[in-house]
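What follows is a set of notes on a single structure, which appears directly below.
Excluded from the calculations below are hydrogen atoms, water molecules and symmetry mates; all remaining heavy atoms, backbone and side chain alike, are included. As the structure lists them, so they are numbered: ligands from 1, and atoms in each ligand from 1.
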Amino acid sequence: MSFTDLTRARYSCRSYEKRAVEPEKLDAIIEAGRIAPSAHNNHPTRLVVCDTPELREKATKAAHHFAKDGSVFGAPVVLLACAKTEEAWVRRGDGMNSSLIDTSIVVDQMMMQAVELGLQTCWVCMFDPDIAREEFGLSADTLPVSMLTLGYAADTIAEPDAREARCIPRNEFVL
Ligand SMILES: Cc1cc2nc3c(=O)[nH]c(=O)nc-3n(C[C@H](O)[C@H](O)[C@H](O)COP(=O)(O)O)c2cc1C
């Protein structure tokens, strides 16, 4: 699939089949995240792979709004992307810490790789990072930033017109 087609095929999937994600596909998705660019090449992102009932349950405790069948949206895999904020590049002048940007690139690359492999995802930020840190025993300098649910879709993408209606118009997007 071309990258253009991938960007049109991706959507936020909130219902998943019970079918497991093949280990080689999960491996390829993790690898797509691992090689993502980061500011100053500092690679501050760390990943928690929740692919067992115990780990999915831990993720669900942090994202309880989306709990379904012992997982977040019932997904067979939940990837928790965390940032070691103190390892990230900091811009001189305004002190901007790039860890959220770096971690989001990791999640984005994993998300698009998943779609290429016939899977779907939902990017989730509405969760409690303190609960996630506690459940996974993460150190104080490891900030849980985003979850990415992952699996075979049990719902379907909206029609193109409906998707377009929810996007920002081109003339507002380009300044
Ligand atoms: C940074 C980020 C955080 C998000 N957090 C959530 C979330 O917590 N729960 C959720 O259901 N969707 C979440 N989403 C999905 C968005 O709601 C979704 O991408 C948007 O509505 C567009 O729909 P689409 O992804 O189907 O194109 C998030 C997306 C992004 C990029």
Side-chain angles (χ1 to χ4, degrees), residues 1-17 21 29-30 32-33 36-39 44-50 55-85 88 96-136 138 142-174:
M1 211 190 286
S2 72
F3 188 78
T4 306
D5 290 341
L6 274 181
T7 61
R8 297 276 172 189
R10 182 216 60 79
Y11 70 100
S12 293
C13 175
R14 298 185 177 93
S15 180
Y16 294 89
E17 293 181 3
V21 174
I29 291 161
I30 294 168
S38 59
T45 305
R46 301 292 182 272
L47 201 62
V48 180
V49 181
C50 306
L55 292 167
R56 285 190 293 264
E57 189 62 43
K58 286 173 183 283
T60 309
K61 280 186 185 161
H64 62 92
H65 290 99
F66 308 125
K68 190 184 161 200
D69 300 334
S71 187
V72 183
F73 295 128
V77 179
V78 181
L79 302 173
L80 174 65
C82 307
K84 287 214 170 261
T85 46
M96 185 206 72
N97 181 301
S98 74
S99 62
L100 296 182
I101 297 173
D102 296 333
T103 300
S104 296
I105 297 170
V106 168
V107 176
D108 199 54
Q109 292 208 173
M110 295 193 300
M111 181 170 70
M112 300 315 287
Q113 179 63 81
V115 178
E116 197 206 19
L117 293 171
L119 299 152
Q120 284 295 349
T121 65
C122 189
W123 193 316
V124 173
C125 279
M126 194 171 140
F127 67 90
D128 188 324
D130 291 332
I131 296 178
R133 194 184 270 123
E134 170 90 18
E135 288 294 322
F136 295 109
L138 303 172
T142 305
L143 175 69
V145 176
S146 293
M147 290 184 183
L148 191 70
T149 60
L150 177 65
Y152 288 97
D155 59 7
T156 49
I157 190 168
E159 292 299 318
D161 285 354
R163 290 180 60 73
E164 180 58 32
R166 297 202 310 252
C167 281
I168 184 171
R170 179 83 174 215
N171 62 349
E172 287 179 31
F173 180 57
V174 179

Where does ligand 1 get N/O contacts under 3.5 Å from the protein, atom by atom?
from, atom 1, to, atom 2, distance (Å)
ligand 1, 5 (N), Trp123, O, 3.2
ligand 1, 5 (N), Cys125, N, 3.1
ligand 1, 8 (O), Cys125, N, 3.1
ligand 1, 8 (O), Met126, N, 2.8
ligand 1, 11 (O), Arg14, NE, 2.8
ligand 1, 11 (O), Arg14, NH2, 3.3
ligand 1, 12 (N), Arg14, NH2, 3.1
ligand 1, 14 (N), Trp123, O, 2.9
ligand 1, 17 (O), Arg14, NH2, 3.4
ligand 1, 19 (O), Ser12, OG, 3.2
ligand 1, 25 (O), Arg10, NH1, 2.8
ligand 1, 25 (O), Arg10, NH2, 3.3
ligand 1, 25 (O), Ser12, N, 3.3
ligand 1, 25 (O), Ser12, OG, 2.5
ligand 1, 26 (O), Ser12, N, 2.9
ligand 1, 27 (O), Arg10, NH2, 2.9

Any pair counted as side chain to side chain donor-acceptor pair (under 3.5 Å), so long as it reaches residues 160-170, sequence neighbours left out: none

Ser2 side chain to Asp5 backbone, donor-acceptor under 3.5 Å: yes

Whether Thr149 side chain and Val78 backbone form a donor-acceptor pair below 3.5 Å: no

Do any side-chain atoms of residues 126-136 form donor-acceptor pairs under 3.5 angstrom with protein atoms, and if so which ones, sequence neighbours left out?
from, atom 1, to, atom 2, distance (Å)
Asp128, OD1, Asp130, N, 2.8
Asp128, OD1, Ile131, N, 3.2
Asp130, OD1, Arg133, NH1, 3.4
Arg133, NE, Thr142, O, 3.2
Arg133, NH2, Thr142, O, 3.3

Note, Val49 side chain near Leu79 side chain (heavy atom, < 4.5 Å): yes

For residues 150-159, run the donor-acceptor check on the side chains, cut-off 3.5 Å, and write out each pair with its distance to 0.1 Å, sequence neighbours left out.
from, atom 1, to, atom 2, distance (Å)
Tyr152, OH, Glu22, OE1, 2.7
Tyr152, OH, Glu22, OE2, 3.0
Tyr152, OH, Lys25, NZ, 3.0
Asp155, OD1, Tyr11, OH, 2.6
Asp155, OD2, Arg14, N, 3.1

